[in-house]
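A short write-up of the structure that comes next.
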Amino acid sequence: QVQLVESGGGLVQPGDSLRLSCAASGDLFSRYTMGWFRDIAGKEREFVGAINWADSNTYYGDSVEGRFTIFRDNAKSTVYLQMNNLASEDTAVYFCAADLEKWIWSKYWFPADFTFWGQGTKVTVSS
């Protein structure tokens, strides 16, 4: 079991950067693949990115690739989502997710690929 708590959301302007954190409690964080998803109003939950538990390999969704970066600090049991050059279309509730020792060699991940979820943190990009 792992419990996930996101933080770092808020109101920013277009072009700004923001870093989200997801702190995990419980055992074996270093063996969890971690993912980020987002809920945009009126849309299905969207894959943002994932980071491998073994070698920190990453995949990103098409809409964020090149602007967002995922990294993890296993010593702090925390995964981060660095978001740069934010746009209004990035306004969403962002969720982190975890699954034990799971990896898919594909950039197409789905919510069902993850077992554990946080409660989400809201990001609003507006001028």
Side-chain angles (χ1 to χ4, degrees):
Q1 288 281 351
V2 63
Q3 293 78 44
L4 305 173
V5 178
E6 303 94 336
S7 62
L11 173 64
V12 297
Q13 294 186 339
D16 283 354
S17 296
L18 194 65
R19 180 179 294 180
L20 305 183
S21 300
C22 173
S25 59
D27 296 332
L28 306 177
F29 175 78
S30 63
R31 292 170 57 188
Y32 280 90
T33 282
M34 302 299 295
W36 286 95
F37 287 77
R38 65 186 183 183
D39 283 355
I40 298 174
K43 297 185 178 181
E44 293 185 356
R45 184 162 291 185
E46 179 185 15
F47 172 66
V48 174
I51 185 165
N52 187 294
W53 65 276
D55 58 11
S56 293
N57 198 2
T58 54
Y59 280 114
Y60 297 95
D62 290 337
S63 61
V64 307
E65 191 159 21
R67 298 187 298 124
F68 291 12
T69 302
I70 298 174
F71 58 101
R72 65 192 297 160
D73 185 338
N74 287 340
K76 295 182 178 179
S77 297
T78 300
V79 64
Y80 302 93
L81 178 66
Q82 177 67 41
M83 305 185 292
N84 296 330
N85 194 22
L86 284 160
S88 58
E89 305 85 78
D90 298 312
T91 294
V93 178
Y94 285 75
F95 297 87
C96 72
D99 209 87
L100 185 64
E101 294 184 345
K102 182 171 188 172
W103 190 245
I104 300 171
W105 290 104
S106 167
K107 66 184 303 182
Y108 300 107
W109 291 67
F110 299 93
D113 292 321
F114 291 89
T115 302
F116 304 103
W117 290 83
Q119 294 301 308
T121 185
K122 185 170 178 60
V123 174
T124 302
V125 184
S126 175
S127 56

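Taking the six-membered ring wherever Trp is involved, the centroid distance between the rings of Phe71 and Tyr80 falls below 6.0 Å. For Tyr59 and Trp103, the gap between ring centers is short of 6.0 Å. For Trp109 and Phe114, the ring centers are positioned less than 6.0 Å apart.
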Notebook entry, point to check: After noting the C-alpha distance and the side-chain angles of Thr115 and Lys102, does the key distance pass the side-chain contact (heavy atoms from CB on, under 4.5 Å) rule?
Noted result: CA-CA 10 Å; Thr115 302; Lys102 182 171 188 172; over 6 Å; no
Next item on the list: Please test Phe95 against Glu6 for side-chain contact (heavy atoms from CB on, under 4.5 Å), starting from the C-alpha separation and ending with a verdict.
Entry: CA-CA 7 Å; Phe95 297 87; Glu6 303 94 336; 3.9 Å; yes
Next item on the list: With side-chain contact (heavy atoms from CB on, under 4.5 Å) as the test, would you mind laying out the steps for Tyr32 and Phe116 before giving the verdict?
Entry: CA-CA 10 Å; Tyr32 280 90; Phe116 304 103; 3.9 Å; yes
Margin query: Could you walk me through whether Asp62 and Lys107 satisfy the side-chain contact (heavy atoms from CB on, under 4.5 Å) test, starting with their C-alpha distance in whole Å, then the side-chain angles of each, then the deciding distance to 0.1 Å, before giving a yes or no?
Written below: CA-CA 8 Å; Asp62 290 337; Lys107 66 184 303 182; 2.5 Å; yes
Please list every donor-acceptor pair under 3.5 Å in which a side-chain atom of residues 48-57 meets a protein atom from a residue at least two apart or in another chain.
residue: Asn52; atom: OD1; partner: Ala54; partner atom: N; Å: 2.4
residue: Asn52; atom: OD1; partner: Asp55; partner atom: N; Å: 3.2
residue: Asp55; atom: OD1; partner: Asn57; partner atom: N; Å: 3.0

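In this structure, a donor-acceptor pair under 3.5 Å is present between the side chains of Ser25 and Gln3. A donor and an acceptor atom, one from each side chain of Thr33 and Asp99, are nowhere located under 3.5 Å apart.
Pairing each heavy atom of Cys22 with each of Met34, the nearest pair is SG-CE, 4.3 Å. Residues Ser126 and Pro14 approach most closely at C-CD, 3.7 Å, considering heavy atoms. The nearest pair of heavy atoms linking Ala98 to Val2 is CB-CG1, 4.0 Å.
Cluster membership for Val125 and Val93, using ILVMFWY side-chain heavy atoms within less than 4.5 angstrom, is not shared. In the hydrophobic cluster analysis, where Ile, Leu, Val, Met, Phe, Trp and Tyr join through side-chain heavy atoms closer than 4.5 angstrom, Val79 is grouped together with Leu100. Under the 4.5 Å side-chain heavy-atom criterion for Ile, Leu, Val, Met, Phe, Trp and Tyr, Tyr60 and Phe37 are members of distinct hydrophobic clusters.
The salt bridge (charged side-chain N to carboxylate O under 4.0 Å, His left out) test applied to Asp16 returns no partner, not counting sequence neighbours. Glu46 meets the salt bridge (charged side-chain N to carboxylate O under 4.0 Å, His left out) test with Arg38; sequence neighbours excluded.
No side-chain heavy atom of Tyr94 sits less than 4.5 Å from a side-chain heavy atom of Leu18. Residues Asn84 and Leu86 form no side-chain contact, since every pair of their non-hydrogen atoms from C-beta on lies 4.5 Å or further apart. Contact of the Asp113 side chain with the Ile104 side chain is registered, since non-hydrogen atoms from C-beta on lie closer than 4.5 Å. Between Val64 and Met83 there is no side-chain heavy-atom pair separated by less than 4.5 Å. Under the 4.5 Å side-chain criterion, counting only non-hydrogen atoms from C-beta, Trp117 is not in contact with Cys96. Side-chain contact between Ser17 and Gln82: present, with at least one pair of heavy atoms (C-beta onward) separated by less than 4.5 Å.
Geometrically, Arg72 engages Phe29 in a cation-pi contact defined by less than 6.0 Å to the ring centre and at most 45° from the axis. Figure legend: cation-pi geometry between Arg19 and Trp36 absent, as NZ or CZ is not positioned both under 6.0 Å from the six-membered ring centre and within 45° of its axis.
Separation of atoms CG (Asn74) and NZ (Lys76) is listed at 12.0 Å; rounding is to 0.5 Å.
Remark: side-chain polar atoms of Thr121 are paired, donor with acceptor, to backbone N or O of Gly9 under 3.5 angstrom.
When the shell of 6.0 Å around NZ of Lys122 is examined, it contains more than 12 heavy atoms from other residues, nucleotides or ligands. No more than 12 heavy atoms of other residues, nucleotides or ligands shown are found within 6.0 angstrom of CD on Gln119.
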